[in-house]
Every structure is written in C-alpha cells, then in structure tokens.
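All remarks here apply to the structure that follows.
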Amino acid sequence: GAAHNWPSVVQVKEGLTRRDVLVPSRTSYPCGGRAQCTLTRSPGVQCFLRHVGATGVSDHSGLYKFSVNESDRFWGAVARQRLSWISPFHTVQNCDFSQGKIKWFEGGKLNVSVNCLDRHVQTCPERVALIWERDEPGTEVKITYRQLLELTCRLGNLLKRQGVRRGDCVTIYMPPCPLAMASMLACARIGAAHNVVFAGFSSEALADRIRDAQSSTVITVNQGVRGGKVVDLKRTVDQAVQNCPTVQQVLVAMRTENTVPMTDRDVPLEEEMMKEDVVCEPVAMDSEDVLFLLYTSGSTGKPKGLVHTQAGYLLYTSLTHRYVFNYHDGDVFGCVADIGWITGHSYIVYGPLCNGGTTVLFESTPVYPNPGRYWEMVERLGINQFYGAPTAIRLLLKYGDEWVQNYNRSSLKTLGSVGEPINTEAWEWYHRVVGDGRCPVVDTWWQTETGGICIAPRPADPEAEIVPGMAMHPFYGIKPALLDTEVGEVLSSNDSTGALCISQAWPGMARTIHNHHQRFTETYFHPYPGFFFTGDGAHRSKEGYYQIIGRLDDVINVSGHRLGTAELEDVVIYLMVEEDVLAQQLREMVSRSIAKYACPDFIQVVRCLPKTRSGKIMRRVLRKVVERNTDELGDLSTLDDPDSVHEVIRGHRRLRGDGKQQ
C-alpha cells in the first residue's frame, strides 16, 4: 500500500512562548545567550580555547594535551558551555576503573530532550531538524524543530497516559522514521529509558531484549519498507510478546496503509497521539540517570545491554559530531546508519540535535533502486557530511565510478567511515571518486561501549595529513595506551603493536551492563588493571598515528609475528568475491604484500561470510567452526543470513574429510 509520511500528525501551533517550550529558567547559553547558533557556528579551535579557559594554548595539539592533563577543567568548562542545565553539577567526575565506577557531572540536573529540541525552538523554530529519506526515492519529508518538539510532547503525554513512568524502559522496534526518533526523545522527556532494537531482528532476539529490559511498553509500526520490500514488523512483535509477560501495551504506528491484526493490548499510535496536548513538561533528570540501553551480541549467547546515561553521553556525542566532522551551522549531516545501532543513536539523533543541526534519517539501502542511491540523495538533499560503513563503500566500489559521477556531489565537505577498519583500496576510491579528491576522509574508531568517536583523523592541526586506512589521532580527553598482551606492560614507544586500552575516563563511556555489573568490570577493566580494555588490537606508527588491526582475539600469531585481520584483508578482500580465484594467487598476493610467513596454508571459499546486518564479520563464529565447537556458536540473532553459517560448517567438514587441518 501507499506509505504514510506522518506530517499530518504534526499540527504546528503558532506563537509558542518561552513557557510553552519549557526551557529551564537557569539555562545558560554560550556567547551571550544566543542558544542554538553558537553551538555550531564557532570557527574552530580558537573559539574552543576561549570557552575552556586553556590559557597559553594556541593550537590543536596544545588543546588536546590540556584536555587529558587538565581533564576536570576541560570537561567542566565544555559541559557548562554546551549543555543547558536545570541545576548545575558540583563534581566533574568521580571514576574508579578498579570498581568499574564511572560518574560524571554529579549534582547536575538537565533534560536531554530540552537540549535537543526546546532551546533550538526558542531561537530557530522553523529550522529543519531532520530529513526523512524514505525508501521511495525523491519523497523525502522535512520536519522542523518546532514540529519535532510537538511530536515528542504528544508522544510523551501518550506514554504517560499509558502508565510509563520515570525509570521505566520502553522498547522501540521501528525502522528509521520520524516517530522512531520522537519515541526516543519522548522517553528522555518523561524520564524513561529507551531500548531501541534493530527492526531486522527475529522475534526471539526481540523477546530476549524485551525480557532483559523488563519493558511494559513496546512501540512499533504495522510494517516496514526497505529496498522496495514490505516487512511485517507488527507480526514479529506479536510473536515476541507472547513470551514477554511484562508487556502490557504495544503502540502501533502506520508506516503503510495496510491494516494489521490488533488486539486489546495494541494502541493505534497516531490516533491516540492526536488526543494529547502539544506541551509536555520535561522531567529534571540527574546526570547519571539512565538514558538508554543498547544491546550488543555477546559471545556467551546472551546479548549484553550496555547502559548510557544522560549528561556525559549527550555532551560527548555533540562535541565529537561538531569537531570530528567540522559541522557548522546550516550544514546537512547525512549518517546512513540505522537508528537501531549506536551510530544512529549518537550521530543521527543525539549529537546532531544537541548541536541544533539538520540530520538525515535514511530508510532505504545503498543499492535501491540502483547503486546511485546514496549519491542521488547527496545531490537532492545537499548533504555536506556523509557518514557510512566500509561494507557499503566496498559494495558500491564494485559497481564502478559511473554511478557516483552521474550526480553532483559538490555539497560534500567531509566523508566519514564507521563500523570496522576501512581497507586502503576502498578508502582511496571513497576519497578520489566520491569526494573528488577534495574531501577529508575521517576513518573513525569507536564502539557501543565508548558512546562516541574516540580516534579519528580530525580534529587536527590545519593541513595535517590523513593516512589512508588509519584512525590516527585520539579525540579530546581520550588517552589511548598500547599494552603488551603477554606481560601487560605499557608500550610507550612508537612503532608498537598491542592491546588498545584507554587510560582515563571520558564522559561518553558506558556505565555498566544492565543487571550485570560484574560482567562489565570483568570484561572491560580486569584484563588490564587501571585501563579500559577495548578488545581491539592496534598499531602505533613511528609518527604516533593509530591503526586498528582488528579484534585482539582475531590476531594470528605466526612464528612470533602478530598479524591482524585488517592487515590480511586489506590485501585479499577484493578477491574474495571472485569465485574463480585460485588459492595460489591469494598466497602469492599475501606473500608479496606482507610476507611469506603470512600465507594461509588452507583456504576455504564460501558464497558469503557470516555477517551482522551492519556488515561486520562475526569472527567468533568462524573461530568456533574451526575449533569444531559448533554447538557453542553463541548469540546469532544479529546475523544477516543464517544460511551463511551452515555453508561455512559444511565447507569446513569437507576440508576435514580430505584429511586436512586448518
């Protein structure tokens, strides 16, 4: 059926007063009270230096040193400058890695939705907050800050009427759409946490996450639309909640005009929203109250719900969004991730909206209706910063340059990469073809656990080089360290490889694993006492640049030589899709590009590797297959194609049948 676009839900009322938009009376805006514009218009490091009081510092390098050496002064000044507080904080940070204790801005009270909406409505209500790039090309929907605030308030009031209270957790199972974003903000407004579950997960995976979060309320849509196909999301929810005794109501929005079965538990979302008032009083939240849970796959078979809190997370996402991508007032920021992942939370919703930016919400796929979809969208929407995954870049590279060059991309200023290390060939194509050789490519390293970008080529001193395939520099306040994986000692010299750790706390980091703090401390703080362990390995070049080499447990040790998966895949990845590639050709390439000792003894060719829906290879599954522990594969709910695992298992058994060992 024809798809709804939802603007009809937004009935804008003219003349909203300061009281109506509920900006706290003690809000403090930078630069003399001009709320939104000053958050993104600042020209760069000099304005930053004035706000943080870094006397005697004149450049990026000096500011970075100040941020790690004077952490309290730096983060305290930035928090006062960039966030609107209802009550000021009295302690910048109270952190102890030995206990896994992370607390920032204690004593402070604020509301995240006010920081993302109300203060911008006060100064620029008709600015476009989000552009919903619907699956159907050329049918984008633009929603202003005033409209998004109204959506959020109506939905917040509806949630309260349905019994949602401060401290509850609402599960959201929706495709990228305005009501999904409004649902997240509505939860933040009334003091509830949200648990966004990627709308491609199975009913079993959804049920696991609902039960662990103990949600009484689920928000979904009748159907999703992606790549020209209709997906019955409500049916998946119906199956999931049969095994979730805590669920009392399911709010159902209409993405298409197709009717779906409704029960007494189901609430028609748009119909009930229109009964609600357009003003919803925001709850004053403590800095360390829970903002959201986000579940990631766990190797134990049980997904782990990482907890992010209010002030620190919001501050860190807004700061990284502004400075890593050089975002300025009036830019259009195009992150093509799904809101079900941390990238969508941080760089579609909270970071851009806190900065008063215009953010794109992408519903489709990179190849629908053709491989030019991204670049046609860039031209039509005038996107200035484009942020996507290496998996998609490699996919589009195969289709050639023509699909890119058919469209005007002159609006682009910065290109970003997220999700996994980007191989050199894809990086160079992205820079040369997509960016016409003029846009910096920021290969960003971070995790769900870190909340926001930790290592990236920007910000940096003017004209600083960018090395293909390297994340390069730590962000302000981030102090990385490489530790020897055998003895646990810090590797202080450059040209070193080791376990990537972070030696001091930062505001955006996760606080715990929901209902399992011991697992949190054991996973991230016990392996290397005194450090946050990322699980990744990294190389620090002789120039001091960081290069991520992959998950540490995927590093191969050959005769004392440590080989990361990223290094090997950079050589062979573009050949792996060719069915007629001979094993000898692959070995010759590895020998020529790395060393003879790096050549694999056995090569198994498969149709596709087991990957998550965001494109990451599930290497732990491959490891279990090779170890012949196929009954211990763990959580497979994030797999894009479950058949890929069975194919790998069958192929490995054939190798074993030939008397070979891998």
Side-chain angles (χ1 to χ4, degrees), residues 4-16 18 20-23 35-37 39-40 84 111-134 140-159 170 172 174-190 194 196 219 221 251 253 255 269-270 273-274 276-282 291-292 314 317-318 321 329-335 339 344-363 381:
H4 282 282
N5 57 20
W6 283 315
S8 59
V9 178
V10 184
Q11 297 181 352
V12 180
K13 292 191 175 182
E14 297 299 328
L16 285 179
R18 178 181 175 83
D20 291 325
V21 296
L22 294 162
V23 177
Q36 184 274 332
C37 296
L39 295 175
T40 52
S84 300
N111 186 277
V112 165
S113 76
V114 168
N115 277 269
C116 290
L117 298 175
D118 301 60
R119 60 176 177 170
H120 309 315
V121 169
Q122 187 186 25
T123 58
C124 45
E126 303 312 316
R127 166 165 290 176
V128 174
L130 73 94
I131 303 173
W132 181 29
E133 176 67 7
R134 300 163 74 232
E140 73 276 6
V141 176
K142 296 182 179 181
I143 295 180
T144 67
Y145 273 93
R146 185 194 296 272
Q147 291 172 321
L148 187 54
L149 175 60
E150 181 174 333
L151 273 177
T152 298
C153 286
R154 287 186 186 273
L155 189 44
N157 286 329
L158 175 58
L159 289 172
V170 175
I172 301 170
M174 306 176 82
C177 61
L179 280 178
M181 184 181 288
S183 296
M184 297 167 71
L185 294 165
C187 289
R189 195 168 193 84
I190 67 173
H194 59 71
V196 181
I219 307 176
V221 298
L251 279 58
R255 171 58 179 92
L269 181 57
E270 293 96 338
M273 276 179 63
M274 293 312 298
E276 300 296 339
D277 194 77
V278 296
V279 174
C280 176
E281 183 175 357
L291 177 61
F292 64 85
L314 186 65
T317 56
S318 70
H321 171 256
D329 197 36
D331 285 351
V332 176
F333 188 79
C335 174
I339 57 166
H345 283 51
S346 298
Y347 298 111
I348 295 176
V349 183
Y350 290 113
L353 293 184
C354 186
N355 287 334
T358 297
T359 183
V360 174
L361 197 57
F362 183 72
E363 186 182 37
L381 302 184

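Within the 3.5 Å criterion, the main-chain N or O of S113 finds a donor-acceptor partner in the side chain of N111. Put simply, the side chain of R134 never gets that close to the backbone of V141: no donor and acceptor are under 3.5 Å apart. Here the side chain of H345 pairs a donor or acceptor atom with the backbone of I339 at under 3.5 angstrom. With N355 contributing its side chain and G357 its backbone, the two residues share no donor-acceptor pair below 3.5 Å. Side-chain N or O atoms of N157 include none that pairs as donor or acceptor with a backbone N or O of E276 at under 3.5 Å. Between the side chain of W132 and the main chain of P176, a donor-acceptor pair closer than 3.5 Å is present. Of the possible polar contacts, none joining the T152 side chain to the A186 backbone as a donor-acceptor pair under 3.5 Å is found. Between the side chain of H120 and the backbone N or O of N115, at least one donor-acceptor pair lies under 3.5 Å.
By the 4.5 Å heavy-atom criterion applied to side chains, T358 and P352 are not counted as neighbours. In this structure, the side chains of S183 and V196 stay at 4.5 Å or more apart for every pair of heavy atoms. When side chains are defined from C-beta on, T317 does not count as touching V349, because their heavy atoms never get closer than 4.5 Å. Side-chain contact check for V112 versus Y350: some heavy-atom pair is nearer than 4.5 Å. Proximity of E281 to I190: side-chain heavy atoms (C-beta onward) are nowhere separated by under 4.5 Å.
Counting all heavy atoms, side chain and backbone alike, R189 lies closest to C153 at NE-SG, 3.5 Å. Looking at every heavy atom in both residues, C354 comes nearest to C116 through N-SG, 3.9 Å. Residues L269 and A253 approach most closely at CD2-CB, 3.6 Å, considering heavy atoms. Here the closest heavy-atom approach between residue P175 and residue V221 is recorded as CD-CG2, 3.6 Å.
With values rounded to the nearest 0.5 angstrom, H194 atom NE2 is found 10.0 Å from I219 atom CD1. L155 CG to L179 CG: the interatomic distance, rounded to the nearest 0.5 Å, is 7.0 Å. Considering CG of L291 and SG of C187, their distance stands at 9.5 Å, rounded to 0.5 Å. We find the CZ-SG distance between R146 and C124 to be 11.0 Å, quoted to the nearest 0.5 Å. Rounded to the nearest 0.5 Å, atoms CG (L130) and CG (L361) are 6.0 Å apart. One distance of note links OG1 of T359 with OH of Y347; it measures 12.0 Å at 0.5 Å rounding.
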CA sep, side-chain torsions, deciding dist, call: Q122, L117, side chain to side chain contact (heavy atoms under 4.5 Å, CB included): CA-CA 9 Å; Q122 187 186 25; L117 298 175; over 6 Å; no
Please evaluate residues I143 and M181 with respect to the criterion side chain to side chain contact (heavy atoms under 4.5 Å, CB included), reporting the C-alpha separation (whole Å), side-chain torsions for both, the decisive distance (0.1 Å), and the verdict. CA-CA 11 Å; I143 295 180; M181 184 181 288; over 6 Å; no
Given side chain to side chain contact (heavy atoms under 4.5 Å, CB included), test D329 with R127 step by step and report yes or no. CA-CA 11 Å; D329 197 36; R127 166 165 290 176; 2.5 Å; yes
Show your reasoning for whether side chain to side chain contact (heavy atoms under 4.5 Å, CB included) applies to L185 and L353. CA-CA 10 Å; L185 294 165; L353 293 184; 3.9 Å; yes
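In summary, K142 and E126 do not engage in a salt bridge, as defined by a charged side-chain N under 4.0 Å from a carboxylate O. Salt bridge present: R154 and E150 bring a charged side-chain N and a carboxylate O closer than 4.0 Å.
Defined by atom type and a distance below 3.5 Å, a donor-acceptor pair is present between the side-chain atoms of R119 and S84.
Listed by chain and number, the residues in a side-chain hydrogen bond (donor to acceptor under 3.5 Å, both in side chains) with S346 are Y313 (sequence neighbours excluded).
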